[in-house]
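Values below: every heavy atom of this structure, side chains too, minus hydrogens, waters and symmetry copies. Just so it is clear, the structure is predicted and the values come from calculations on it, not from any experiment.
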Amino acid sequence: MVINTIVYMLLIGVSGLLRLHIRQDKTLSWLMFVIIACLFCDYTLDSFEDQLAGFSILWNKSQIGDITIDFHPSLATNQIIIPLFFISTLAILNNNIFRYEERRCIYNSFIIFNFISLSLLICAENYVQLITMVCITDIIGYMILRDVDSSRRYVVYNFFADMCLFMILAMACGKIQSLDISRLLGYEQIGRHKDFVSIVTSIALFIKTGSFLFQSYLLDIGNARFQRMSTVNLLSAPLAGILLFLKLHKLLFVSDLFMPIFEIMTILTFMAGIWGFITQRHIQRKVISLNMAFIGILLWLLKLNDFAWSENISLYYTAVYLFNQIYFMIYLYQNREADITKMVNANEINVIALKTLLWQIVLLNSWFVAFMYKTAISTASWTVFAGAILSVFVQVIILNHIYKAPQKRKLDYLNPNPKRVMSFVVGFILIFLGIYYERDVISIMLLSLLAVLFLIASPLGNIFRKIYDNPLFSERDLSKTFFFYTLVSPLTYISRTFWLMIDVLLSEKIITTGISKINKTAIYLFLKLNRQTLGANMLFIICGTLIIMWFFINGGTNE
Amino acid sequence: MLDKIISILPEIPLLCGMVHLCILYLLSNEKAKTYAATARFWLLVSVFLTTVCYYRGTDTISAAANSYTLLFILCANIALYIIMILSATWFSSLKRTGGRYYILLLLSSGSINMMLNTENFCVYGFCFAFLTVIGGALYGIHTSQQQINLKKYIITSALVLVILAIGLIYVGQIIGAENLTTEQMQLFLRAYSRKLSTILFVISSIVPLLYALGIFPFHIMAEEKACCSILPVSHYFMLFLPIVYWGCLIEINQTVYPVYGEIWKKIYQALALISVIWGAIGANTRKNLHGVYAYSSIYHFGIILFLISLGQERAIFAGFIYLLCYLLVMANLYAIFYNLKTHGQYISDIASLSGLAQTRSYTTGALMISLFSLIGVPPLIGFLGQMNMADELLGNANYIAVGIIFAALLILSKAYLDIMKVIYFAPKTKSFDSENKSILFYTSINTVAIMTFAFNPFNMIEKIKDMFYVIFL
Amino acid sequence: MSSYLLFLLIALPIFGAVIIMFSKYDRNYFRKNIYHVAIWTLLANISLVLYTFSLFDTEKSGIQLVEKYNWLNFPVIDILLGADTFSMLLLLGINIAFGVADICLSKHIENPKTLLASQLVFIGLLNGYILSADIISFYIFFAALSIPLIVLISSFGSFHKKNMLVRFSLYNLIGTLLLFTAVILMYHYKEGNIPLNTAGNLNLKGKLEYFVWLSLFFSFISRMPIWPFHYWIASISTGLYNPLAFVMSSLIPLVGLYGFMRFWPNTVPESIAVYAPLFETVCIITMLFIALISLNHKDFRYKLFAYTTVYYLLFLIGVFLPTSGLKMNIGYSIFSYLIILTVLSFIISHIEAEKKKNELYSNSGLLCYMPRTSISLSLFILAAIGLPITPLFWNNFIIISEIFNYNLLLGVLVMLSLLFVALALLEELYRMKDKSSVTLPCPVNTDLSRTRFVAYMICLAILFISFVKPLWFVM
């Protein structure tokens with residue numbers, strides 16, 4: 001029963017939030033991993049045997065339909081859920097191995113919650129569940145980051161994207177008068193403002209995926225801890241964005257403008273990623289840029305696959321996670337030196353670990369080239385292959401920078417990094433499993449292996465080394481400047497103008513001032529007329545009496 | 001004989017009271033509280049007898065006595081009783097006996113009994129003149145710090161009394177003084193409605209009352225009486241006399257209205273609306289609480305006059321309810337005055353109330369509630385009056401009048417809010433003397449009454465209505 | 001007992017206020033006593049609301065509990081009290097919000113007697129306003145609400161804004177008089193008091209109809225910060241530094257909103273309903289520009305005011321929509337909104353107080369000293385801006401979807417306003433969390449007390465449970 005799995009995961013997640021002693025925390029974190037791994041196996045086996053019975057819980061009622069929490073895994077959804085489950089389990093394992101969090105259980109809990117929300121997002125059948133899960137994923141991402149400086153833009157960008165999505169879904173829901181996502185197809189027939197809907201949705205999704213122009217928030221989270229950054233980058237908001245492309249593509253296609261925009265944005269995202277990977281000094285930012293390039297390729301793959309997930313994409317995404325993991329380990333064994341220009345030659349520090357990692361990444365790149373070659377043949381599109389080659393090429397350059405760095409400092413005075421043997425074992429197992437899985441293109445793999453090794457050894461990387469010296473490339477985030485001049489600055493001026501014009505000048509103060517003046521005039525007249533002298537008093541009485549008399553004389557009677 | 005004795009029974013205790021006070025004076029008693037207690041005692045006896053023997057027989061002086069007049073006499077005497085209680089503290093604090101004051105109060109109580117119960121216009125005129133004289137005598141009581149303009153009072157009052165006298169004498173000569181009764185006058189007015197004599201009579205009987213109530217354009221002295229006289233006298237002018245004069249005005253109106261209905265209505269309404277506006281603006285110009293209340297009363301009396309002008313039973317009764325609500329609040333506002341002292345001096349300047357809220361929370365609370373009630377905020381008593389008023393005016397399609405009244409209320413509210421502003425926001429400049437516990441107790445009771453009477457406890461309004469409606473029979 | 005339940009809901013807080021007013025001053029126990037009276041009164045009231053709720057069939061719409069009291073025979077007026085699920089939900093929200101407020105209130109404020117007594121009177125009257133089922137009682141409670149508010153503004157308002165008291169009172173009075181006139185006209189037309197829900201069946205004709213409905217409209221508008229009559233309420237709100245007084249002033253627009261909710265849907269005649277787009281335009285202009293101003297404003301209190309305004313106007317637009325199905329959604333949203341607003345107000349006041357105590361001139365980095373405050377503020381701001389932790393989220397979704405269904409432009413502008421005001425809050429939150437601005441050494445004892453923190457977390461739990469199961473407290 002799927003509901004049991006979800007409930008168990010929730011319980012494990014909640015138990016992880018308990019504030020335990022450090023030793024109990026360690027035990028519980030491994031226990032969490034074991035249970036999650038078991039649940040993963042159980043889920044996967046059940047899905048192969050097609051024994052997964054979903055659930056549907058009535059959440060609330062509204063005039064346009066019941067709001068339910070649905071989780072009905074199918075073959076299509078399991079193609080996404082299982083790899084995500086796997087990556088999440090792997091993330092928990094890595095967390096336990098590397099002990100990079102003081103409170104491992106809390107981190108594990110967030111990963112579990114994140115997975116649950118992503119699963120519910122994948123299986124969402126109504127808008128409310130969909131948008132709820134998107135927001136929850138974002139919140140969990142924020143909780144994982146737990147860093148004020150790096151999460152600022154993350155919160156703002158994602159909030160903006162969520163609001164756009166909220167708006168579009170609310171609009172679609174209002175027009176279709178149904179909360180059912182499957183009825184989105186009908187929007188094309190009855191919906192209006194199609195271009196608006198499609199463009200706003202695209203913007204929201206591009207923001208979430210951290211595409212070109214919107215990568216700033218991802219670059220910012222580069223200031224957070226590597227693993228947190230990596231988890232958020234691959235399992236949180238950007239992934240939710242990709243999943244939303246799958247869920248909402250019917251809505252996106254209501255406008256003819258979508259496809260050209262999508263293609264342009266995908267290419268630009270990839271290019272920006274590659275460019276960022278080469279130019280950034282900071283390794284975390286480099287990895288973020290690399291992920292951006294990978295997301296560009298992934299989006300193109302989705303386009304080729306009619307916005308449906310596939311087994312290949314699952315493999316692809318797992319590989320991306322592995323790339324991140326290896327870069328993290330390189331960073332770790334470089335004594336957590338983030339600046340690429342300050343990294344020490346691999347022959348000088350943690351030699352065994354770094355060289356093992358080199359082999360891992362070389363093998364992974366070779367596999368990646370072969371895998372993408374196979375994918376290109378199956379999709380009859382060489383664009384993705386070209387992208388993959390380019391991404392491998394730039395990685396080779398950067399590996400050259402790291403492994404053949406000119407710095408030769410002996411860092412013996414530093415505490416030696418603990419050898420996390422298990423992480424290497426896990427890494428190799430996964431890579432070899434991948435190679436085994438793609439054994440039919442082993443020749444391409446060998447060829448690319450040689451090419452990668454050759455390129456790393458070649459002096460090619462030195463050509464690009466100078467780029468770090470130019471702050472124009474390595475430090476400046478042009479999208480930030482772009483948004484500052486196109487959005488933030490005008491908004492500030494408009495806001496100030498409103499403040500001055502409406503809040504201060506054109507408010508009811510004008511009216512009240514006017515009334516106050518009338519009042520003052522009335523008081524002035526009153527004081528002029530209402531003299532307190534005896535004469536005035538007599539005059540008032542006599543005049544009053546005479547006027548009454550005059551009225552009587554000139555008036556009629558009831559008779 | 002018994003009939004005659006019964007007819008003057010309520011006045012006998014008042015006479016006794018006056019004699020008693022004189023004896024006390026002769027015995028050189030210097031305690032104001034003793035004078036006040038004595039006066040209160042005799043007043044209470046008088047009220048008791050008035051209630052028990054409210055049917056006074058058939059002679060000219062008391063022929064009109066009925067439950068309507070009883071209602072007004074009771075209200076007036078209760079107000080007088082309260083004035084007597086509170087004024088004692090004032091006299092005590094200034095180390096004065098107040099003997100003259102209490103004698104005059106008992107005298108005026110007797111006068112109003114006669115004025116309300118009579119059906120003869122001559123007696124009415126006499127009582128009015130007598131009350132004016134008593135008012136003058138009271139106005140003459142003053143402290144060394146106060147500057148009164150007795151000459152102005154006398155000349156103005158004399159002018160009004162002349163107007164009163166002209167009408168009564170003129171008509172009295174035509175039909176005989178003994179025939180100046182309500183019934184006879186009604187016949188006379190019907191017969192000679194367009195004659196100058198009748199018009200003069202009507203004007204002479206109404207204008208003094210309008211003057212006494214402070215309706216525009218006869219309002220100047222009303223403010224002077226409230227502001228320049230000593231606190232107990234001001235209290236008397238603002239609380240006691242209006243009850244009596246309104247009672248008389250309604251009675252006279254019943255005589256005159258059937259004949260001059262339409263023209264009467266127009267005059268009343270014009271005067272009422274101008275009074276409403278004048279009162280509201282005037283209240284904003286005054287820096288003294290007495291002045292604000294005086295102009296506020298012009299506003300409220302304008303509304304009552306408008307209701308009376310409609311000539312319908314319901315509307316007149318609504319006017320009476322409005323009056324009662326107003327007086328209950330005014331009673332509280334005046335009671336508060338007795339507790340506003342700094343260094344032994346009674347204060348009434350708005351500016352001198354600065355910082356009152358910081359130290360005198362109960363007094364401030366009572367003041368605030370009273371002012372809210374005057375604005376007509378529910379569920380305070382003022383709302384009851386306002387609701388009756390609006391119900392009648394809108395029911396009679398007087399939309400413009402309602403608009404003017406509410407617009408004026410906004411202006412008037414500004415004056416009240418300015419008082420609140422000083423109480424709460426102005427920095428404290430002087431220390432206030434400690435509050436008198438008995439006055440505080442009275443204020444609390446009155447405040448609770450303001451807060452609860454709108455809920456119509458014991459079906460009070462229905463009972464009052466039964467008493468009041470006798471006038472329409 | 002059920003025949004007096006609704007009356008008790010009104011009378012109990014007022015009774016509590018009377019006890020507070022007459023409590024004896026004592027140097028040691030005075031403050032403690034009156035706080036206890038206030039808290040226990042509110043807890044008793046919450047229990048009463050829950051008990052009343054238990055008598056309801058939440059599936060049913062319409063009034064389910066009615067109480068009738070004879071008031072006057074001249075003119076004939078019977079007071080009718082009635083409650084439906086929506087009104088009870090609102091009542092619960094208000095009482096919980098004030099309960100939390102009292103628990104979190106500092107014990108060292110000035111004039112505790114005035115504050116707590118006014119608060120209880122305000123709650124009693126607000127309960128009465130929400131429970132009133134006829135036009136006269138509706139007016140009575142509508143108008144009476146001004147009394148505790150004026151007392152509070154006078155006692156706790158900023159000294160520099162003393163003229164605001166006059167403006168506030170006059171605006172209130174104008175609204176009150178307009179409603180009064182409309183109510184009396186309706187009363188006269190029908191020659192008797194009429195239930196609120198039948199106000200639309202009066203068949204008023206011509207000018208009278210326009211006059212009555214415009215009076216109603218403007219009287220409710222007078223309680224809402226709608227341009228160009230928004231400045232006074234902004235001044236009042238930002239000038240009240242006492243959090244409880246701020247919460248109470250923030251509920252003034254609720255009075256207007258509730259008035260519209262009672263009169264507008266299904267009640268307003270066709271001839272008047274055609275003007276709804278005009279009202280909506282004014283609402284959206286106000287929303288948008290207040291949201292924009294809040295982006296640039298440095299005062300956190302103003303941002304909170306902007307937030308309250310934008311959300312009230314969102315609900316108001318929801319009320320104006322030509323659909324009657326949004327009532328419960330608005331109810332759920334307001335329920336959470338009230339609790340969020342209360343907590344935020346208290347947190348902001350705490351921060352301001354600490355800032356003043358430590359002589360700091362800027363909010364920047366202040367939260368670095370206050371971990372509990374930081375957590376509370378972050379969570380509640382996230383809840384406030386509509387993230388899925390509270391019922392505000394999905395109910396707003398339904399409301400906004402209806403707005404979009406009605407008009408695209410309106411929907412877009414509403415969303416923009418919500419976005420701007422949310423960004424303003426987030427921006428302030430991040431400014432306060434900014435480590436780089438921390439220059440001073442850590443001041444001592446600046447964080448929230450444990451009691452307050454627990455109270456806030458309980459509020460969050462209540463909101464979260466309500467998010468998962470909206471009427472969880474009904475068996």
Side-chain angles (χ1 to χ4, degrees), chain A residues 59-64 67 69 127-129 131-136 138-139 142 148-149 151-152 155-156 159-160 162-164 166-177 179 192-193 196-197 200 491-499 501-504 506-512 515, chain C residues 167 170-171 227-232 234 285 288-290 292-297 323-326 328-329 332 367-368 382 385-389 391 393-406 408 411-412 414-415 418-420 422-423 426-427 430 433-436 468-470:
Chain A
W59 182 5
N60 220 311
K61 288 179 177 174
S62 77
Q63 59 168 354
I64 46 174
I67 302 169
I69 301 283
Y127 302 121
V128 178
Q129 183 181 343
I131 190 73
T132 306
M133 294 311 152
V134 171
C135 293
I136 288 177
D138 292 341
I139 294 171
Y142 168 76
V148 176
D149 299 332
S151 65
R152 190 176 198 142
V155 170
V156 173
F159 179 71
F160 182 78
D162 291 348
M163 288 293 263
C164 289
F166 188 90
M167 175 171 88
I168 293 301
L169 293 181
M171 186 178 165
C173 173
K175 294 284 176 208
I176 301 170
Q177 282 296 297
L179 289 165
R192 290 188 299 167
H193 319 292
F196 173 80
V197 170
V200 174
L491 262 182
T492 313
Y493 285 115
I494 291 170
S495 157
R496 280 186 191 155
T497 315
F498 266 124
W499 190 4
M501 289 296 292
I502 292 173
D503 208 25
V504 180
L506 294 173
S507 69
E508 89 273 17
K509 275 197 274 188
I510 295 175
I511 303 163
T512 46
I515 292 170
Chain C
R167 277 161 77 176
L170 286 178
Y171 281 125
W227 180 81
F229 302 100
H230 67 286
Y231 190 78
W232 64 276
I285 290 171
L288 200 61
F289 92 75
I290 284 193
L292 270 170
I293 291 168
S294 73
L295 268 180
N296 223 10
H297 220 286
T323 169
S324 58
L326 290 176
M328 280 313 290
N329 297 101
Y332 290 133
L367 289 180
C368 299
L382 289 180
I385 61 178
L387 290 186
I389 328 173
F393 170 74
W394 63 266
N395 286 295
N396 281 1
F397 182 82
I398 306 287
I399 297 166
I400 290 168
S401 74
E402 282 298 330
I403 295 174
F404 270 110
N405 189 30
Y406 175 67
L408 175 82
V412 172
V414 164
M415 284 305 296
L418 295 181
L419 179 74
F420 289 146
L423 287 178
L426 282 175
E427 193 258 333
Y430 270 92
K433 283 183 156 200
D434 189 4
K435 282 179 211 155
S436 60
V468 178
K469 192 176 184 321

Is [X] close to chain C through its backbone or its side chain, or both, or neither, when contacts mean heavy atoms under 4.5 Å?
X	result
A:Ile139	side chain
A:Ile131	both
A:Leu179	side chain
A:Phe196	side chain

Measure across C:Met415 and A:Met163 and return the closest heavy-atom pair with its distance rounded to 0.1 Å.
CE-O, 3.1 Å
Part of [X] lying under 4.5 Å from any heavy atom of chain A:
X	value
C:Phe420	side chain
C:Val414	neither
C:Leu419	both
C:Asn396	both
C:Ile400	both

Residues passing the side-chain contact (heavy atoms from CB on, under 4.5 Å) test with C:Ala422, sequence neighbours excluded, are A:Phe159, C:Ile385
Taking side-chain contact (heavy atoms from CB on, under 4.5 Å) as the test, write out the residues that go with C:Tyr430, two or more places apart.
A:Tyr142, A:Val148, A:Ser151, A:Arg152, A:Val155
Quick check: do [X] and [Y] have side-chain heavy atoms less than 4.5 Å from each other?
X	Y	result
C:Val412	A:Val200	no
A:Ile67	A:Tyr127	no
A:Gln129	A:Trp59	no

Who wins among C:Tyr332, C:Phe397, C:Phe393 for the most heavy-atom pairs under 4.5 Å with chain A?
C:Phe397
If you count heavy-atom pairs under 4.5 Å with chain A, which of C:Val468, C:Leu423, C:Leu295, C:Leu382 comes out on top?
C:Val468
Please report the interatomic distance CG(C:Leu288) to CG(C:Leu418), rounded to the nearest 0.5 Å.
10.5 Å
With rounding to the nearest 0.5 Å, note down the distance linking CE in A:Met171 to CD in C:Glu402.
13.5 Å
Partner chain C: residue of A:Ala170, A:Cys164, A:Cys173, A:Ala172 with the largest heavy-atom pair count (under 4.5 Å):
A:Ala170
At a heavy-atom distance under 4.5 Å, which candidate from A:Ile136, A:Thr492, A:Thr132 has the highest pair count against chain C?
A:Thr132
Taking it one step at a time, do C:Phe404 and A:Lys175 satisfy side-chain contact (heavy atoms from CB on, under 4.5 Å)?
CA-CA 8 Å; C:Phe404 270 110; A:Lys175 294 284 176 208; 5.8 Å; no
